[in-house]
There are 2 protein chains.
Amino acid sequence: MKIEPLLKYIDKYVSLTQEEMDVLVSKVIYRKYLKGQYLVQQGDVCKYSCFVISGCTKTFYMDDEGQEHIMMFSVEDWWTSDMSSFINQTPADFNIQFLENTELIMIPRDIIEELYERIPKLERLFRKIIEKAFIASQKRIVRNLSMTAKDRYIYFRNQYPLIEQRIPQYMVASYLGITKEFLSKIKSQLLT
Amino acid sequence: MKIEPLLKYIDKYVSLTQEEMDVLVSKVIYRKYLKGQYLVQQGDVCKYSCFVISGCTKTFYMDDEGQEHIMMFSVEDWWTSDMSSFINQTPADFNIQFLENTELIMIPRDIIEELYERIPKLERLFRKIIEKAFIASQKRIVRNLSMTAKDRYIYFRNQYPLIEQRIPQYMVASYLGITKEFLSKIKSQLLT
DNA sequence: TAAAAATGTTAAACTAAGTTAACAAAATTT
DNA sequence: AAATTTTGTTAACTTAGTTTAACATTTTTA
C-alpha cells in the first residue's frame with residue numbers, strides 16, 4: 001500500500017504522531033482502478049472520500065440530453081468524491097470516472113466519522129481542506145460570471161498547464177462550459 | 001445583544017453546554033449596520049465571519065469595467081464573509097454590502113481559532129457549515145454550466161422565493177449571470 | 001406633492017457561443 | 001501496416017444573450 005503521498009500531504013496541514021498515523025493507515029483502503037472505470041455513478045450513493053496517489057479522474061454531471069458537464073479533474077494529491085452524496089449518503093449528482101489507470105486511498109463514510117472522534121486533528125485537516133475547496137469553488141463561479149470563454153481558457157491553461165496536457169481538449173471545453181468547436185476556434189485565434 | 005438566533009442555529013448542528021455557550025457569547029460581537037454600508041470592500045482584509053440576525057447583504061465582485069457580479073445574498077440565519085480573505089488574511093476578492101439595515105453577530109479571525117481550540121464542537125460545527133456551503137457552490141457551478149438562463153431563473157425563483165421579493169430584479173439578473181434587460185424578457189415570456 | 005432617483009420594460013442591432021456537418025489527424029486495436 | 005476509434009479543425013448557419021437607447025414605473029427625497 002502506497003500511503004506515503006497521503007501522509008506527506010497531511011503533514012502540510014497538521015502534524016500527526018506515529019500512533020495517529022498508524023490508526024489512520026489501518027483504517028483506510030488502498031485500491032487501483034483502470035482507465036474508463038467509474039468510482040461513482042450519478043444516482044449511486046458515494047461511499048468513499050478518495051485521495052489520488054497516481055492517475056487522474058473527471059467528475060461530471062450528465063444532463064437530460066446526455067451532455068456531459070465536467071465539474072473538476074483530480075490528479076495526484078487531490079481529493080475526489082461526490083461531497084453531497086458522501087456527506088448525506090444521498091444519491092450522487094455526479095459521475096466520477098478514471099481518465100487513466102489510477103491508485104487511490106479511500107476513506108469510507110463511517111470511518112471518517114470515527115477518525116474525527118479519535119483524532120481531532122483530522123477533523124481540523126478536513127475542515128481546512130474543505131475551506132480551500134470552497135474558496136476555489138467560489139472563485140470559479142465568479143470567473144464563470146465575469147470572464148469570456150477565451151479568458152477562462154487562458155486562465156485554465158496558466159493555472160493547470162500539466163492537467164491540460166494529459167486531458168483531451170474536448171474535456172477542457174466541457175470544464176470551461178463551452179463546446180469543443182468553440183475552444184478549437186479560441187485556440188486558433190490565440191495562435192495568430 | 002440578540003444572540004438567540006445564533007444559538008438556535010448552532011443547536012441544529014451540535015449541542016453546546018451552558019458553559020460553552022457562555023464562552024462563545026462572551027467572545028463574539030453584536031453590531032448593526034445601515035443599508036448601503038459595506039462589511040468588506042474588495043482589496044481589504046476581511047476580519048470577521050458574520051452571522052445575519054436580521055437584514056440582508058449582497059456579496060459581489062466588481063470587474064475592471066466596473067460591472068458588478070453578485071456571488072450571493074445573505075439573509076437571516078446565513079453566514080457571510082469573504083472566506084478566502086478571512087481564512088488567509090489576504091486582500092478580499094469581493095465586496096459585501098448591506099441591502100437593508102442589518103444586525104450581525106461577528107466572529108473575529110483570531111477568536112474563531114481560539115474557539116476551535118477551546119470548544120472542539122465549534123470546529124465540528126464550522127466543518128459542517130463549510131461542507132454544506134461547498135456542496136451548494138458545486139451545485140451552482142453545474143447549474144451555470146448546464147442550464148439556460150431561463151431555467152436558472154425558474155430555479156432561483158422556486159428555491160429562494162422570499163429573497164426574490166426583497167431584492168431588486170437587476171440584482172437577481174446579476175446573480176444569474178445575465179443582464180437586467182434579458183431577465184426582463186425572460187419574465188415577460190414566462191407570463192404568456 | 002413635486003421632483004429626483006432608482007428600478008423595470010421594450011425593441012432594434014449586434015456578438016459570443018452553439019449547431020451541424022464534413023473532413024483531418026492521432027491514437028489504439030486488429 | 002491497415003482498419004477503427006478517438007480526438008481535433010474548419011466553415012456556414014443559428015441562437016441565446018448583450019448593447020444601446022428611449023421610455024415607463026416605482027420609490028425616495030425635498
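Heavy-atom basis, side chains included; hydrogens, waters and symmetry copies ignored. What you see is a predicted model, and the numbers here were worked out from it, not measured in a lab.
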Centroid separation under 6.0 Å, is that true for the rings of B:F86 and B:Y48?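 Ring-ring flag for B:Y48/B:F86: false, centres at least 6.0 Å apart.
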Can you confirm whether or not the ring centre of B:W79 sits under 6.0 Å from the ring centre of B:F126?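 Yes - the distance between ring centres of B:W79 and B:F126 falls below the 6.0 Å cut-off.
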B:Y160 six-ring centre to B:R166 NZ/CZ under 6.0 Å and within 45° of normal: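 Verdict for B:Y160: no cation-pi partner in B:R166.
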Cation-pi, A:Y13 ring and A:R124 (6.0 angstrom, 45 degrees):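 So A:R124 doesn't make the cation-pi contact.
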Nearest whole angstrom, please: distance from the [atom2] of [N] to the [atom1] of [X].
| X | N | atom1 | atom2 | result |
| --- | --- | --- | --- | --- |
| B:L176 | D:dA16 | CG | C1' | 15 Å |
| B:L183 | D:dA16 | CG | P | 16 Å |
| A:K185 | D:dT7 | NZ | C1' | 19 Å |
| B:I186 | D:dT18 | CD1 | C1' | 12 Å |
| B:L190 | C:dT9 | CG | P | 12 Å |
| A:Q67 | C:dT20 | CD | P | 10 Å |
| A:E181 | C:dT20 | CD | P | 10 Å |
| B:Y170 | C:dA5 | OH | C1' | 11 Å |

Hey, which sits more toward the 5' end of DNA chain C by its nearest nucleotide, B:M171 or B:S188?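 On the 5' side of the pair lies B:M171.
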5' priority, DNA chain D, between B:F182 and B:K35 [closest heavy atom]: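 First, find each residue's nearest nucleotide; the 5'-ward one identifies B:F182.
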Tell me whether the OP1 or OP2 atom of C:dG8 has a side-chain N or O from B:S184 closer than 4.0 Å.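 For B:S184, the contact criterion (side-chain N or O under 4.0 Å from OP1 or OP2 of C:dG8) is not met.
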Output yes when at least one side-chain N/O atom of B:Q169 is less than 4.0 Å from OP1 or OP2 of C:dA6, else no.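 Checking C:dA6 against B:Q169, no side-chain N or O comes under 4.0 Å of OP1 or OP2.
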Choose from D:dG17, C:dA17, D:dT18 the nucleotide whose nearest atom is closest to any side-chain atom of B:T179.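 Nearest to the side-chain atoms of B:T179, counting from C-beta on, is D:dT18.
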Of the candidate nucleotides D:dG17, D:dG8, C:dG18, which contains the atom at the shortest distance from the side chain of B:I178?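 The answer is D:dG17.
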Salt bridge between A:R118 and A:E114, side-chain N to carboxylate O under 4.0 Å?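 Judged by the 4.0 Å cut-off on N to carboxylate O distance, A:R118 and A:E114 do form a salt bridge.
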